[in-house]
Amino acid sequence: MEEQVSSRRHEWRIALAASAPVMLGYIVLGLGYGLYTHNLGFSWWVPTLMALTIYGGSVEFVIANMLTQAFNPLTVPVITLVVGFRQFFYSIAMLGK
């Protein structure tokens with residue numbers, strides 16, 4: 001039993017070491033996004049809600065700026081598709097792997 005607990009701790013340490021740079025990147029991006037939306041005049045809960053509901057992180061920055069302008073319902077899905085379409089090109093590069 002003790003060996004199993006020790007093995008799990010070792011696995012958690014490896015996983016934490018491998019994912020720490022990504023987590024730190026998300027923290028920096030999240031802080032930047034929060035400061036950006038705060039400077040646009042939004043309350044603290046608006047970027048939190050947007051981060052929970054918008055899939056593409058880059059789109060969050062665009063949508064935050066669009067919310068400060070006149071609303072055009074066709075612009076939002078078009079820009080979301082254009083910004084998110086880069087993922088398609090990333091996936092093409094990974095086809096061989």
Side-chain angles (χ1 to χ4, degrees):
M1 181 71 171
E2 181 68 31
E3 184 178 310
Q4 186 178 12
V5 171
S6 176
S7 175
R8 283 194 175 168
R9 284 184 184 158
H10 180 69
E11 290 173 358
W12 274 100
R13 285 185 186 137
I14 291 172
L16 182 63
S19 59
V22 175
M23 287 189 295
L24 291 174
Y26 281 130
I27 290 171
V28 170
L29 283 173
L31 286 172
Y33 179 62
L35 291 172
Y36 175 66
T37 54
H38 178 72
N39 286 336
L40 290 176
F42 292 108
S43 181
W44 66 270
W45 60 270
V46 175
T48 305
L49 182 65
M50 288 172 64
L52 290 172
T53 57
I54 298 175
Y55 176 70
S58 303
V59 176
E60 291 177 11
F61 287 89
V62 176
I63 297 295
N65 188 30
M66 291 177 72
L67 287 173
T68 63
Q69 302 170 4
F71 180 69
N72 184 353
L74 294 176
T75 307
V76 175
V78 169
I79 289 183
T80 302
L81 285 172
V82 169
V83 172
F85 197 65
R86 66 190 171 105
Q87 300 295 329
F88 174 73
F89 293 105
Y90 294 160
S91 64
I92 288 175
M94 298 299 288
L95 284 177
K97 297 179 183 181

- Should the pair Phe61 and Tyr36 be assigned to parallel (<30°), tilted (30 to 60°) or perpendicular (>60°) ring geometry? tilted
- Query: Mind checking whether Val59 and Val82 sit in one hydrophobic cluster, side chains of I, L, V, M, F, W, Y counted as touching below 4.5 Å?
  - Reply: no
- Item | Heavy-atom pair of closest approach, residues Glu60 and Ala51 | OE2-CA, 3.3 Å
- Taking side chain as C-beta onward, heavy atoms only, is Pro47 less than 4.5 Å from His38? no
- Query: According to the interplanar angle, ranging from 0 to 90°, do the rings of Phe88 and Phe85 count as parallel (below 30°), tilted (30 to 60°) or perpendicular (above 60°)?
  - Reply: parallel
- Query: Any sub-3.5 Å donor-acceptor pair from Thr75's side-chain atoms to Phe71's backbone N or O?
  - Reply: no
- Message: Assigning hydrophobic clusters by single linkage (Ile, Leu, Val, Met, Phe, Trp, Tyr; side-chain heavy-atom cutoff under 4.5 Å), is Tyr33 placed with Trp45?
- Response: yes
- Is there a side-chain contact between Met50 and Phe42, using heavy atoms and a 4.5 Å cut-off? no
- Measuring from Gln69:CD to Leu67:CG, what's the distance to the nearest 0.5 Å? 9.5 Å
- Leu31 and Trp44: same hydrophobic cluster, using ILVMFWY side-chain contacts below 4.5 Å? no
- Single-linkage hydrophobic cluster Val83~Tyr90, side-chain heavy atoms < 4.5 angstrom: no
- Query: Under 4.5 Å between side-chain heavy atoms, hopping through other hydrophobics if needed: is there a path connecting Leu81 to Ile79?
  - Reply: no
- Calculate, to the nearest 0.5 Å, the distance between atoms CD1 and OG1 belonging to Ile54 and Thr80 respectively. 7.5 Å
- Out of curiosity, Ile14 CD1 to Ser19 OG, how far, rounded to the nearest 0.5 Å? 11.5 Å
- Message: Counting C-beta onward and ignoring hydrogens, is there a side-chain heavy-atom pair between Thr37 and Val46 closer than 4.5 Å?
- Response: no
